Amino acid sequence: MIAMTNGFEEEAAAFAAAMPDRANADRIPLSARARFARPTPYLDALNPAQREAVETLDGPVLVLAGAGTGKTRALTARIAHLLNTGRARPNEILAVTFTNKAAREMKARIGDLVGGAIEGMPWLGTFHSLSTKLLRRHAELVGLKSSFTILDTDDQLRLLKQLVAAASIDDKRWPARLLAGLIDGWKNRALTPDRVPSSEAHAFAYQGTELYAAYQERLKVLNACDFGDLLLHVVGILQHHPDVLEKYQRWFRYILVDEYQDTNVAQYLWLRLLAGGHRNIACVGDDDQSIYGWRGAEVGNILRFEKDFPGAKVVRLEQNYRSTPHILAAASGVIAANESRLGKTLWTDLAEGEKVRLIGHWDGEEEARWIGEEIEALSRGSRGLDPIPLDGMAILVRATHQMRAFEDRFLTIGLPYRVIGGPRFYERLEIRDAMAYFRVAVSPDDSLAFERIVNTPKRGLGDKAVQELNRTAREHEVSLLDAARILVRDGGLAPRARGALGGLVADFDRWHELVQEGADHVALAEQILDESGYTAMWQNDKTPEAQGRLENLKELVKGLAEFENLQGFLEHVALVMDNETDENAEKVSIMTLHAAKGLEFPAVFLPGWEDGLFPSQRAMDESGLKGLEEERRLAYVGITRAERLCTISFAANRRVYNQWQSSMPSRFIDELPEEHVEVLTPPGLYGTGSGAAAASSTLADVAARADVYASPGWRRMAARTTERTGARHEPRNMTIDATAVATAHEIGARVFHQKFGYGTVEAVEGEKLLIAFDKAGSKHVVARYVTAADEIPF
DNA sequence: GTCTGCGAGGTTTTT
DNA sequence: CCTCGCAGAC
């Protein structure tokens with residue numbers, strides 16, 4: 001969602017700088033090379049395998065890097081080495097990652113290694129950001145203008161919805177989401193509409209390819225791309241324009257790819273084309289950590305690397321620097337059950353440490369309660385280990401809905417936590433709206449953005465007005481904003497609507513002029529939000545979310561200051577949808593297993609190991625054995641996140657959509673090697689057990705117990721036990737300090753809570769308050785998590 | 001054109 | 001249970 005109408009010249013200039021003419025380049029390198037001809041201290045820090053991965057500079061290299069084996073270190077050292085030996089200058093190295101985070105990290109680490117002497121690496125980035133750069137340069141070859149807009153998922157869905165409606169197809173039969181998924185899938189596999197295999201284009205799906213083709217047409221008219229297009233267009237250009245291909249093949253002397261196991265077909269083609277000349281391509285990956293098959297990643301890419309690049313050198317990194325032997329052995333035991341893998345044997349010379357702990361619980365709430373207590377104990381330094389800070393602990397769940405139990409519990413006991421990977425900042429409604437305003441102000445032809453906010457806040461421009469706008473736009477072949485201009489001029493629409501529309505057009509004209517004049521963009525952004533009435537809309541909104549939304553808008557405007565201008569910001573946002581929550585506060589992390597890849601924590605909790613949940617029923621239904629193996633890799637990723645302590649748990653009963661459902665322990669539990677696992681007895685089983693200290697039993701016992709759990713007799717017994725000892729688990733809370741008392745609240749006071757919104761205090765129970773929330777109902781909440789209602793800004 | 005109430009569905013996610 | 005989207009009422 002960007003447009004580069006006036007920013008493009010700058011972009012082009014930057015591009016030229018990043019990629020000077022070959023002839024010109026040859027005059028520079030001597031000095032540049034001399035500058036990097038230095039000793040190689042970064043090599044000394046490497047083990048033999050890593051060294052091999054770094055020093056094998058020519059020809060194809062596949063580095064199979066197991067979890068925690070120093071993959072990033074090898075990759076960055078390799079880049080440093082390329083620079084240092086004068087093999088390539090910074091702008092001749094193409095280094096590809098999947099996430100912006102990984103790209104940032106790598107940039108930082110290379111800077112450290114080379115002493116920050118390189119002026120950045122212009123071609124280090126994600127597949128998508130690099131593709132954008134290339135595509136802006138050659139857009140005309142695929143019928144786009146270099147100022148093309150990048151659509152986000154939201155734009156994409158709205159567009160598809162329109163197309164479905166326009167084709168008078170039942171939108172029940174073709175929900176936009178389904179269609180978007182289908183199209184994404186095709187694009188992942190580099191299939192243009194005409195190339196979708198007929199087997200998939202049959203009957204039902206036939207309409208799908210028609211719609212796909214219509215969608216592509218529409219994108220061209222809008223001068224827009226979706227994420228898949230960024231890659232696909234580049235692949236198309238490289239395939240159909242040998243001169244362009246050759247130019248880049250020669251320019252990028254060395255290619256490096258991170259997380260190769262996650263590449264999809266389109267990305268694979270992209271790489272193979274660019275590496276086709278010299279074949280100096282180094283791919284780093286771990287087939288055991290391929291967990292994105294469901295979104296098009298092809299483990300096959302890594303499995304058949306040697307076939308694609310004959311003569312490839314394969315280097316295995318097997319020494320693990322992260323986890324203790326027990327943890328490593330448990331992970332290896334699980335992953336060994338997978339059939340299709342290249343196979344690696346991880347080893348470590350770290351001290352033995354704790355066994356992986358396994359515990360079963362009666363239900364999900366008890367699991368959350370137990371983990372909460374464990375976390376508090378571990379942070380105090382109980383359990384015979386050195387204290388682990390809260391931010392050294394993580395709960396890794398299979399599905400987001402598991403997070404809730406933990407959030408509820410931690411709110412109740414006042415345990416600070418952070419949820420990673422919730423709704424992302426830039427995906428929030430208010431942020432998208434605000435950005436739509438910016439987009440139109442920057443590029444008045446961005447019709448999708450215009451349509452999004454034409455009636456937000458309400459201006460009396462409903463469906464009918466929008467239809468009329470679209471009709472006029474089509475008739476005159478102009479953008480929506482120009483269509484609005486025409487309607488206003490010619491007296492179309494009802495007088496009221498016409499007035500409102502005229503006002504909006506005048507607003508955008510004014511703002512656009514300010515953009516052109518190069519007015520201060522932060523002030524301008526604020527002005528736009530103000531004058532459009534958007535800020536006022538939320539200020540007048542009485543729902544609990546409104547406050548947060550206003551906060552977010554403030555945050556957005558604040559964030560703008562980091563960019564040179566609005567267009568720079570919009571480009572950034574289009575490609576970088578992550579939000580850095582860099583609160584450094586000590587908090588426990590809650591996230592999905594997917595989000596945890598690449599991270600590590602001293603202590604990791606893996607709850608919800610139940611068949612159906614993990615492995616997920618859906619994955620197995622949809623992808624069978626392949627799905628199961630991917631789930632198993634997910635288990636492997638989860639366990640290998642742990643440095644010192646890994647605790648796996650399952651619950652016999654879980655509430656799913658308000659229905660109680662009892663389940664069996666995950667089949668992965670059976671795959672844990674017994675000698676590396678310590679089985680804990682759940683609290684409550686004998687009425688008085690309190691946590692982890694209780695007697696050990698065997699895996700078989702636990703499995704058997706799970707059966708017992710499901711029996712009616714046990715339920716009755718457990719119900720009695722919990723009733724009798726219900727209060728026993730309330731922990732003496734040591735994370736609460738004097739501040740809790742300082743924020744005293746009285747019965748009847750109006751308060752505000754981040755998650756639950758506004759409410760009235762009904763009772764004060766020590767450090768906890770019983771609050772009747774306006775929207776969320778009555779809840780017990782720790783006092784310091786609420787503020788008096790009138791303390792809230794705005 | 002906007003608001004309300006009812007029904008259907010329920011997501012692992014990055015760009 | 002909760003959220004979102006749509007149809008129908010105002």
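Just so you know, these numbers use all the heavy atoms, side chains as well, and skip hydrogens, waters and symmetry mates. Quick caveat: nothing in here was measured; it's all calculated off a predicted structure. Per chain, numbering begins at 1; letters A, B, ... match sequence-line order.
Using a 4.0 Å heavy-atom distance criterion, N455(A) is classed as a sugar-phosphate-only contact. Here L461(A) lies in heavy-atom contact (under 4.0 Å) with sugar-phosphate atoms only.
Remark: T592(A), H594(A) in residues 588-599 of chain A come within less than 4.0 Å of DNA chain B through at least one heavy atom.
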Applying side chain to side chain donor-acceptor pair (under 3.5 Å), run through E430(A) and N552(A) and close with a yes or a no.
CA-CA 8 Å; E430(A) 66 277 14; N552(A) 289 337; 2.7 Å; yes
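Under the stacking criterion of a centre-to-centre distance below 5.5 angstrom and an interplanar angle below 30°, Y292(A) is not stacked against the six-membered ring of dT14(B).
D184(A) meets the salt bridge (Lys or Arg N to Asp or Glu O under 4.0 Å) test with no other residue; sequence neighbours excluded. Listed by chain and number, the residues in a salt bridge (Lys or Arg N to Asp or Glu O under 4.0 Å) with R618(A) are E622(A) (sequence neighbours excluded). Every residue two or more places apart in sequence or in another chain that forms a side chain to side chain contact (heavy atoms under 4.5 Å, CB included) with R295(A) is listed here: Y292(A). For A595(A), the side chain to side chain contact (heavy atoms under 4.5 Å, CB included) partners at least two apart in sequence or on another chain are M591(A), T592(A).
When each of dT11(B), dT15(B), dG1(B) is scored by its nearest atom to the side-chain atoms of A465(A), the top-ranked nucleotide is dG1(B). Comparing dC2(C), dG1(B), dT14(B) by their nearest atom to the side chain of R404(A) picks out dC2(C).
With hydrogens and angles left out, the side-chain atoms of D287(A) and Q261(A) include no donor and acceptor closer than 3.5 Å. In the model, Y636(A) has no side-chain atom that pairs as donor or acceptor with a side-chain atom of N338(A) under 3.5 Å.
For dT11(B), one of the phosphate oxygens OP1 or OP2 lies less than 4.0 angstrom from a side-chain nitrogen or oxygen of R618(A). One finds no side-chain N or O of N264(A) lying less than 4.0 angstrom from the OP1 or OP2 phosphate oxygen of dT14(B).
Remark: D155(A) engages R439(A) in a salt bridge, criterion side-chain N to carboxylate O under 4.0 Å.
Cation-pi check for R136(A) over F148(A) is met; the charged atom lies under 6.0 angstrom from the ring centroid and within 45 degrees of its normal.
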Strictly under 3.5 Å: I want the nitrogen or oxygen pairs between protein and nucleotides 5-7 of chain B, one per line.
none

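Across the P atoms, dT13(B) and dC2(C) are found 22 Å apart, a figure rounded to whole Å.
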